[in-house]
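All values below were derived from every heavy atom in this structure, side-chain atoms included, with hydrogens, water molecules and symmetry-related copies excluded. Just so you know, these numbers come straight off a predicted model, no measurement behind them.
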Amino acid sequence: MRPSETNRSGEPAEAEGEAPSSGAGPGSPAWELLLPAASAPARARGRSLQAALREAVRAGRLAPGTRLPSSRDLAADLGVSRGLITEAYEQLTAEGYLRSGRGAGTWVGGAVRAARPRARDLAPRPPGARADFVPGTPDLSLFPRAAWAAAQRGVLAELPHHDLGYPDPRGLPRLRTALAELLARRRGVVADPERILVVSGVAQATTLLGFALHARGMTSVGAENPGSPQHDALYAAAGVTTVPMPLDDEGLAIGPLRDTPVRSVVVTPAHQFPTGIAYSARRRAELLDWARSVDGFVLEDDYDGDFRYDRAPVGALQGLDPERVAYAGSVSKSLAPGLRLGWLLVPEALADEVIERKRTMDLGHPTLDQALFARFVERGDYDRQLRRCQRAYRERRDTLVAALEEHFPGSAVSGIAAGLHVIATLPRRYGPEKHFLARVADAGVTVRPLRDYAHETADIAAGEDVRLVLGYAHLSPARIRAGVRLMAEAFRG
Ligand SMILES: Cc1ncc(COP(=O)(O)O)c(C=O)c1O
């Protein structure tokens with residue numbers, strides 16, 4: 001092979017699994033790779049040949065299984081003594097890079113495959129804790145694989161060819177129609193399919209809204225404090241800063257909001273993240289009055305609005321004023337965050353900018369995924385999944401509350417009516433918090449204090465109280481019980 005006859009990645013074609021050439025000469029990969037080393041000064045030539053061969057194997061340019069030319073042929077072709085080639089083959093065989101059999105020739109060994117560079121996995125995943133109460137992940141084993149696979153088969157059979165082309169940047173009409181029905185029914189949203197965008201989760205919805213606000217001159221938004229750390233980073237990506245705003249018992253405190261120059265806020269009214277407060281009817285009305293008075297917007301992050309256990313569902317804020325509230329949700333808690341599938345309902349004033357941003361960002365959401373999810377919703381599979389998760393998570397919540405009562409008597413547990421985590425305030429005797437956290441960490445329990453979600457300005461008394469955000473959805477009841485017991489034992493120890 002000539003130097004110019006490489007494949008697109010610049011590697012010899014043989015390294016990609018084509019039939020290996022076993023002869024020397026211009027058709028041999030070894031010939032090409034060793035040519036520069038063969039013209040090294042005589043004293044260094046042997047070592048250079050070995051180094052070049054070793055490097056070629058290590059980097060995968062000579063793939064495992066590639067048969068090398070005979071020492072005689074290669075030596076003749078490179079114009080070096082046969083002894084140098086024999087020596088190189090022997091040395092690399094001893095090192096495990098090559099293998100040879102009596103009379104069977106020499107080829108690249110298989111063990112070196114591991115030497116190819118491997119992609120690292122930087123996914124945020126739980127560390128190897130004995131018990132992990134970090135909130136944010138549902139039980140991924142509840143993913144409905146069979147129903148999903150059936151929907152996938154159905155969609156592949158029925159999808160018109162044109163749906164495989166670039167979509168409407170808002171999403172497939174079929175899915176937007178299905179979502180409009182679903183969200184109106186389940187969340188009381190005023191859902192015009194023309195104003196729904198299919199997006200990559202609440203995360204992308206947040207950034208898209210950030211861009212739209214920025215374009216209207218709003219370079220800062222108010223954000224709940226304590227609140228989701230995601231909001232700060234996602235708005236920052238759109239050049240919008242977040243201004244931490246305090247909470248009271250009814251939700252985001254309205255007085256301080258009126259005193260700031262911000263004209264938009266991001267809120268989690270169904271189940272405030274992380275405190276679990278459900279915004280009162282009064283606070284909802286006040287928030288909307290405020291938005292109208294400043295000609296601003298409320299961004300409703302309905303991140304776990306599907307899960308409520310003991311009380312009547314609280315409808316989405318968006319239903320009260322769809323021209324002031326942008327509403328975002330996703331399947332991250334109900335199916336799996338890895339699907340990166342969500343929706344955004346936008347007020348008319350923001351719609352054009354948001355749609356254009358979505359178009360220039362990625363030309364629309366993957367259409368197969370959209371069609372699949374549309375079918376999943378249309379056939380009632382999504383409702384079934386929500387009911388199944390609801391049952392499982394209610395049991396886990398009850399288990400966690402009972403375990404806390406048993407092992408940490410006197411604790412106050414709040415935010416339990418909905419969502420996938422609770423707030424537990426342990427009695428003073430378990431404090432100070434720093435010591436408590438150090439002890440449970442030593443025992444292999446991963447747990448987040450409420451303080452971790454707060455900007456410095458939040459009124460979360462430092463020191464004595466132990467206030468924990470305990471995610472339970474991803475843990476089986478047995479693991480929840482074992483985890484709480486471990487925490488208690490760590491403290492006693
Ligand atoms: C409050 C809140 N909002 C938004 C998100 C991002 O959700 P998504 O996966 O839908 O982008 C998260 C992720 O955990 C979250 O906790």
Side-chain angles (χ1 to χ4, degrees), residues 1-128 140 145 148-149 152-153 156 164 338 366 368-369:
M1 182 167 58
R2 311 213 176 276
S4 59
E5 291 175 322
T6 51
N7 59 26
R8 281 204 301 173
S9 60
E11 294 179 350
E14 286 80 357
E16 298 242 309
E18 288 179 18
S21 160
S22 59
S28 154
W31 176 85
E32 184 196 335
L33 296 166
L34 300 181
L35 209 48
S39 38
R43 269 193 308 149
R45 197 170 298 151
R47 260 184 296 118
S48 297
L49 283 168
Q50 290 178 21
L53 199 51
R54 194 182 291 114
E55 186 47 34
V57 174
R58 208 183 264 153
R61 300 192 72 204
L62 285 175
T66 303
R67 191 152 181 254
L68 294 176
S70 73
S71 55
R72 183 194 306 272
D73 286 350
L74 187 56
D77 233 85
L78 293 173
V80 300
S81 76
R82 188 179 169 195
L84 282 186
I85 302 296
T86 317
E87 213 176 297
Y89 280 7
E90 281 173 6
Q91 179 60 30
L92 268 81
T93 302
E95 290 174 14
Y97 289 95
L98 301 181
R99 291 203 288 157
S100 57
R102 210 176 285 262
T106 303
W107 61 94
V108 178
V112 294
R113 190 174 279 278
R116 280 184 182 239
R118 280 174 187 262
R120 286 185 302 148
D121 186 356
L122 298 182
R125 66 172 86 245
L140 300 175
R145 287 176 188 256
W148 198 257
Q152 198 152 34
R153 278 193 302 277
L156 283 171
L164 290 169
L368 263 182
D369 294 355

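- The neighbour count for Arg45 CZ, taken as heavy atoms of other residues, nucleotides or ligands under 6.0 Å away, is above 12.
- Results of the side-chain contact (heavy atoms from CB on, under 4.5 Å) test with Ile85 over Leu68, Asp77, Val80, Asp73 single out Val80 as the only residue that passes.
- Looking at heavy atoms from C-beta onward, Glu55 lies out of side-chain contact with Arg61 at the 4.5 angstrom threshold.
- Considering CZ of Arg47 and CG of Leu84, their distance stands at 11.5 Å, rounded to 0.5 Å.
- Taking CZ from Arg145 and CD from Gln152, the interatomic distance works out to 11.5 Å, rounded to the nearest 0.5 Å.
- Nearest heavy-atom pair across Ala37 and Ala52 is CB-CB, 4.0 Å.
- No option in Leu62, Leu33, Val108 other than Leu62 meets the side-chain contact (heavy atoms from CB on, under 4.5 Å) test with Leu53.
- Between the side chain of Arg67 and the main chain of Trp107, no donor-acceptor pair closer than 3.5 Å is present.
- Crowding of Arg82 atom CZ: a count of heavy atoms from other residues, nucleotides or ligands under 6.0 Å exceeding 12.
- Separating the CG atom in Leu78 from the OG atom in Ser39 is a distance of 9.0 Å, to the nearest 0.5 Å.
- For the atom pair Leu49 CG and Leu74 CG, the distance stands at 8.0 Å (nearest 0.5 Å).
- Side-chain contact, Gln91 with Glu87: no donor N or O sits under 3.5 Å from an acceptor N or O.
- Across Ser48 and Ala40, no two heavy atoms sit closer than the pair OG-CB, 3.6 Å.
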